[in-house]
Amino acid sequence: MNLIKNDLLLRTLRKEKTERIPVWFMRQAGRYLPDYIKLREKYSFFERVRNPQLAAEITVMPVKQVGVDAAILFSDILVIAQALGVDVEILEGKGPVIADPIRTKEQVEKLDPANTAEVLSYALPTTKAVKDALENEVPLIGFCGSPWTLLCYMVEGKGSKDFAKAKQFCYQHPDLAAKLLDKITEASIIYLNMQIQAGVDTIQIFDSWGGLLSPSDYRKFSLPYLDKIVKAIQPKVPVILFAKGGWFALAELQATGASALGLDWTIEPSVAKKMTGSAVLQGNLDPIVLLGPAKNVEQETITMVKNFGVGNYIANLGHGVLPQTPFDNAKTFVETVKNFRM
Ligand code: 1CP
């Protein structure tokens, strides 16, 4: 085991004391980075993901250029759909598209988690290439989507404001939905174990569409599957659970035993603390603040870190950084956190 020089994130996840607050941000590896946008002209999205050297180069960019305290593997949550045998394309400006969405019993039965290690075999050389490129400077975060969020894309076939078709499928065929969620869970655990074997230091699970469910439906369609993944992974590396819009489930997400809970910007730090006691919290600046004037970025970031305080806290945005974010504002966000002392 090589020691990581800047291990602020890992120490915070273990609830140890740190000199300052660690900072990284969701979707930091791509999108708004000028050097990434240049690469996009030459290679398709999944070419970038499956080529270890390219994926490593993109993963390290925000560490070198923006100064974040952790790297996150360059990939996408949709690779789990591919592992199960579904064709997924990522179209420029449109996001994920599945030509043949999952809607029937026959389709669900055909999905096979047993092929995961083979379909996603590039994850091993890629993760190793990333670890080499990082030279033990900062920890590497591996990730997957939550089974519920994956179901949303696999049934809807594309991004959506309300994922009405995906939710309708769950209400009409709850048993089939449970089967699909089980298969996604199984593939996700295999994939996360591959990432851990190749050297990731921690895992974040993105339940990006968790907030579309009512609390009781969340307990049906999301929480049990997250719980299963946390129970399988948390004994090996710390798990961060991020459920966008899922503030109502914070106590239940904490009860899974995950090391940290991600927050979006719709919850006050004091309220999140009240709901979770001494949990490690991560978040939660509105990513749209980074589109505004630099002075406001600085002020809002200071207010955020003051309210969370140093200790048991990881600074982040409340959701992914937007593609139109000025590079300098991303940097101001990171530097403001790094310079902050209580
Ligand atoms: O930091 C990083 O960028 C690391 C790599 C990463 C991660 C963690 C990508 C690359 N995607 C993701 C996760 C991801 N993908 C999530 C969870 C996080 C979140 O909620 O933002 C989700 C919901 C997706 C699905 C997805 N893939 C979308 C969103 C579509 C929608 O419904 O709003 C999009 C646009 C993609 C494509 C994609 N994935 C990643 C990038 C950089 C892109 C954009 C395509 C490109 O730049 O070429």
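Values reported hereafter were calculated over all heavy atoms of this structure, with side chains retained and with hydrogens, waters and symmetry mates removed. Just so you know, ligand 1 is whichever comes first in the structure, and atom 1 is the first atom listed for that ligand.
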Within a radius of less than 6.0 Å around [atom1] of [X], do more than 12 heavy atoms belonging to other residues, nucleotides or ligands occur?
{"X": "Glu268", "atom1": "CD", "result": "no"}
{"X": "Lys273", "atom1": "NZ", "result": "yes"}
{"X": "Lys94", "atom1": "NZ", "result": "no"}

Check ligand 1 against [X] and write out every atom of the ligand that is under 4.0 Å from a heavy-atom position of the residue.
{"X": "Arg40", "value": "46 (C), 47 (O), 48 (O)"}
{"X": "Gly159", "value": "32 (O)"}
{"X": "Tyr36", "value": "42 (C), 46 (C), 47 (O), 48 (O)"}
{"X": "Arg31", "value": "42 (C)"}

Which protein non-hydrogen atom lies closest to [atom], naming both residue and atom, and how far is it?
{"atom": "atom 19 (C) of ligand 1", "result": "His319 NE2, 3.2 Å"}
{"atom": "atom 35 (C) of ligand 1", "result": "Gly95 CA, 3.8 Å"}
{"atom": "atom 45 (C) of ligand 1", "result": "Phe45 CD1, 4.0 Å"}
{"atom": "atom 18 (C) of ligand 1", "result": "Phe206 CD2, 3.4 Å"}
{"atom": "atom 27 (N) of ligand 1", "result": "Asp76 OD1, 2.8 Å"}
{"atom": "atom 28 (C) of ligand 1", "result": "Pro96 CD, 3.7 Å"}
{"atom": "atom 23 (C) of ligand 1", "result": "Tyr153 OH, 3.3 Å"}
{"atom": "atom 17 (C) of ligand 1", "result": "Ser208 OG, 3.2 Å"}

Can [X] be said to touch ligand 1, with heavy atoms closer than 4.0 Å?
{"X": "Phe242", "answer": "no"}
{"X": "Gln204", "answer": "no"}
{"X": "Ser75", "answer": "yes"}

For residues [X] and [Y]: do they belong to one hydrophobic cluster (side chain heavy atoms under 4.5 Å, members Ile, Leu, Val, Met, Phe, Trp, Tyr)?
{"X": "Val66", "Y": "Leu291", "value": "no"}
{"X": "Phe74", "Y": "Ile196", "value": "yes"}
{"X": "Leu322", "Y": "Leu285", "value": "no"}
{"X": "Phe242", "Y": "Trp265", "value": "no"}

Does any N or O of ligand 1 fall below 3.5 Å from an N or O anywhere on [X], backbone included?
{"X": "Trp209", "result": "no"}
{"X": "Ile90", "result": "no"}
{"X": "Arg27", "result": "yes"}

Heavy-atom nearest option to atom 16 (C) of ligand 1, drawn from Val49, Ile77, Leu317, Ile37: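 Going through Val49, Ile77, Leu317, Ile37 one by one, Ile77 has the nearest heavy atom to atom 16 (C) of ligand 1.
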
Part of Leu73 with heavy atoms under 4.0 Å of ligand 1, whether side chain, backbone, both or neither: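 Just the backbone.
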
Arg48 contact mode with ligand 1 (heavy-atom cut-off under 4.0 Å):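 Within the 4.0 Å criterion, Arg48 contacts ligand 1 through side-chain atoms alone.
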
Test side chain to side chain contact (heavy atoms under 4.5 Å, CB included) applied to Leu253 and Thr276, Leu226, Asp227, the passing residue: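 Of Thr276, Leu226, Asp227, side chain to side chain contact (heavy atoms under 4.5 Å, CB included) with Leu253 is met by Leu226 alone.
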
Test side-chain contact (heavy atoms from CB on, under 4.5 Å) applied to Lys179 - qualifying residues, sequence neighbours left out: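 Here the qualifying residues are Val108.
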
Parallel, tilted or perpendicular: ring planes of Trp209 versus Phe163, cut at 30 and 60 degrees: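 Rings of Trp209 and Phe163: tilted, 30 to 60°.
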
Aromatic plane relationship, Phe221 with Tyr171 - under 30° parallel, 30 to 60° tilted, over 60° perpendicular: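 Perpendicular.
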
CG on Leu111 to CG on Leu180, rounded to 0.5 Å: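 Leu180 atom CG to Leu111 atom CG measures 6.5 Å (nearest 0.5 Å).
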
Side-chain (Arg48) to main-chain (Ala55) donor-acceptor, under 3.5 angstrom: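 Between the backbone of Ala55 and the side chain of Arg48 there is no qualifying donor-acceptor contact (under 3.5 Å).
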
